[in-house]
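Here's the structure, in structure tokens; my notes come after.
Since the model is a prediction, treat every value here as computed from it, not as a measurement.
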Amino acid sequence: MNRLWRVAYALELVVAGLLTLGAIALHFNVMRHAGPLWRDEISSLRLATMPTLAEFWSSLVYDPMPALFFAVLRGWHFLGWGASDENLRYLGFVIGLGVLGAIWVAGWVIKKSPPIWAVLLFGLSPVALVWGDSLRAYGLSCIWNILAIGFFWKLLSERPQVTDIALASAAALLSVHSLFPNSLLLLAAGASAIAIALRRGWRRTAFIIVGIGATAALSLLPYVPIVRRTQDWSALCNDGIDSAWILTMIFRATGAGGNLSATLWIAAAIVVCLAVALAIIKPPFFELSEDENDLLLYAGVTFLIALGGTVCFFRILGWTTSLWYYLPLMGTAALCLDAIAKILRKSITAMIASSLFIVTAAACLAPLVYRATNVRLTNVDLTAAAIKQHARASDLVVVDNFFYAVSFYRYYHGKAPCLSVPGISDLSLHRWDLVKDTMSRPQPIQPVLERIDQTLRSGHDVYVVGSVPLSRTAAPPPDLPAAPQTTAMWQLRPYIVRWTSQVAYAAQAHARHGMIIPVPCEQPVSNVEDVHAYVVSGWREPALANLQ
């Protein structure tokens, strides 16, 4: 029997190793194909390379994240590895490998067995591969959050070792200083661990965990003024999303690898809920040892609190979230699901069947995941290069959305002057304060519209870059009242839509000729920054240009 157990264990180890090697290859593929930086990564780089510490600290209000990732990026740049976009992609690759390493370390600390389910669910997730490797804090935050969950479990003994306390404290501090929502995930793990320690009568252990959590929380106090300053502009991003939106985004994030991926996540979540309920209501049901029952409760309750806390946090925040916002939650969930799977597969047959199932699932997921890692994150650099070839100094380039202008200004080096909509004096990062000031003024983009008319009247070309909708109205779109005098109050989205349509009308209604600018790309481009462009020329009284 012992020999069969060793065979089953060796099979799990081989499967986990193969999955990890496959994940490493996919991270390498992301590094090769992600291409130039998109706007959020450019903002990160700009913050990280501020000339002075004071400028860096004051600018955090425009990209409200803790300083740890920016410090890492600054160090990478200082070492001479940030001179090009290609070199910066190596940092994302290193972070991606770090996430895989954290999964292995935490899995071994928790159950001393290979983390096959965690590698399958999270290590092969397109969201984790692509966005965890981007120059943002999400991948780094997953590393420390996963390690913190593992080391908190290691503390659960009557007299935890000094080394265990030090590791848990370091991981907790680094976790909360990677991403603010990590505090909720750390709270979930800490609360679960404290409950188990108190149930066993280990008050000293509970006190130690409380101390680690309190220290991590107090260490965030320097960020309080920055968080308060974000309230001056945060209403621009508040679209009033509800819980249904958040759950839909979580479903999309977990289902990025296809229907099978979504099914695996949902099935695993259901198993966790049932297992926790049975462990509480009828502990003998699974015939677990005391340690196994505690681990089931620790992992299950951590997962449930993390899920509920994340939904409540984003519900209160109200911002329109993207898939990568949920990466830390997915990392937490994958580790917790892996721990519970290890507990429930009690027999040799179950171990072997689990390994074979995971191999089959990975084979089915591989084609979709591979295609996802071939995606280019932006085509702004290609668009900028195409316009540079044709635009003359007397022409005009207009970026119809200031979000895209952050990227365009990095990659455009042509002779024609370039304007953003609305006109923002600083496009090195997302200056929400300047956008809010623009929204509070009547007809804020009128100078841009007048410049378009002047350029066309003088016989020169106007290039428009961005979402570039076709104008189909016979009259110019009316201006929105200065914020907050509309029903949208300070919400930015309605103003962006109206400004974009006004630019489209101004460029197309008065032009005699128009042409869509082809921007060929050999690989698919992510929809987060897939811009389009056209050029118009000539002048006549209002009539729509024929774009071909």
Side-chain angles (χ1 to χ4, degrees), residues 8-30 96-133 139 142-143 145-146 149-150 250-272 275 299-300 303 323 326-345 350-373:
Y9 181 83
L11 179 60
E12 283 193 344
L13 190 61
V14 169
V15 170
L18 291 174
L19 291 179
T20 302
L21 290 175
I24 292 173
L26 290 168
H27 281 291
F28 184 75
N29 206 47
V30 169
L97 297 187
V99 172
L100 291 173
I103 291 174
W104 272 89
V105 171
W108 203 263
V109 165
I110 289 174
K111 196 61 179 169
K112 291 185 172 56
S113 60
I116 52 176
W117 281 98
V119 177
L120 175 70
L121 292 173
F122 192 65
L124 299 182
S125 164
V127 177
L129 288 162
V130 175
W131 301 113
D133 288 10
C142 289
I143 294 175
N145 182 60
I146 289 170
I149 294 172
I250 293 175
F251 175 79
R252 287 179 56 194
T254 55
N259 293 333
L260 176 59
S261 176
T263 302
L264 289 173
W265 277 99
I266 293 172
I270 292 172
V271 168
V272 168
F303 165 73
L323 299 183
Y326 302 96
L327 266 177
L329 173 63
M330 291 173 64
T332 296
L335 188 64
C336 293
L337 297 173
D338 184 83
I340 292 175
K342 292 173 184 175
I343 296 170
L344 297 183
R345 50 116 176 91
M351 290 179 65
I352 295 175
S354 176
S355 297
L356 296 177
F357 174 81
I358 286 175
V359 170
T360 304
C364 295
L365 291 173
L368 282 173
V369 177
Y370 178 74
R371 284 200 294 271
T373 61

Which heavy atom of V127 sits nearest to which heavy atom of A256, and what is that distance?
CG2-CB, 3.5 Å
If I take atom CD1 from residue I266 and atom CZ from residue F251, how far apart are they, to the nearest 0.5 angstrom?
5.0 Å
Between CZ of F122 and CG of D338, what distance do you get to the nearest 0.5 Å?
13.0 Å
Looking at every heavy atom in both A262 and G255, which two are closest together, and how far apart are they?
CB-CA, 3.7 Å
Quick one: closest heavy-atom pair of G123 and L129, and the distance?
O-CD2, 3.7 Å
Please say whether more than 12 non-hydrogen atoms of neighbouring residues, nucleotides or ligands are located less than 6.0 Å from OH in Y9.
yes
How close do V130 and T373 get, counting heavy atoms only, and between which atoms?
CG2-CA, 4.4 Å
Check whether S261 reaches the backbone of T254 with its side chain - one donor and one acceptor, N or O, closer than 3.5 Å.
yes
Under 3.5 Å, side-chain donor or acceptor atoms of residues 103-113 against the rest of the protein: list the pairs with distances, not counting sequence neighbours.
| unit_1 | atom_1 | unit_2 | atom_2 | d |
| --- | --- | --- | --- | --- |
| W104 | NE1 | T20 | OG1 | 2.8 |
| S113 | OG | K342 | NZ | 3.4 |

For the CG atom of L323 and the OG atom of S125, what is their distance to the nearest 0.5 Å?
9.0 Å
Identify all side-chain donor-acceptor contacts of residues 352-367 below 3.5 Å with residues at least two apart in sequence or on another chain.
| unit_1 | atom_1 | unit_2 | atom_2 | d |
| --- | --- | --- | --- | --- |
| S354 | OG | W117 | NE1 | 3.2 |
| S355 | OG | M351 | O | 3.1 |
| T360 | OG1 | L356 | O | 3.0 |

Less than 4.5 Å apart, any side-chain heavy atom of L368 and any of L260?
no
Rounded at 0.5 Å granularity, tell me how far CG in L124 sits from OH in Y370.
14.5 Å
Any side-chain heavy-atom pair from L100 and H27 closer than 4.5 angstrom?
yes
So CD1 of I116 and CG of L18: to nearest 0.5 Å the spacing works out to 11.5 Å
Atom pairs and distances, side-chain donor-acceptor, residues 326-337, under 3.5 Å, sequence neighbours left out:
| unit_1 | atom_1 | unit_2 | atom_2 | d |
| --- | --- | --- | --- | --- |
| Y326 | OH | T321 | OG1 | 2.6 |
| T332 | OG1 | N145 | ND2 | 2.5 |
| T332 | OG1 | P328 | O | 3.1 |

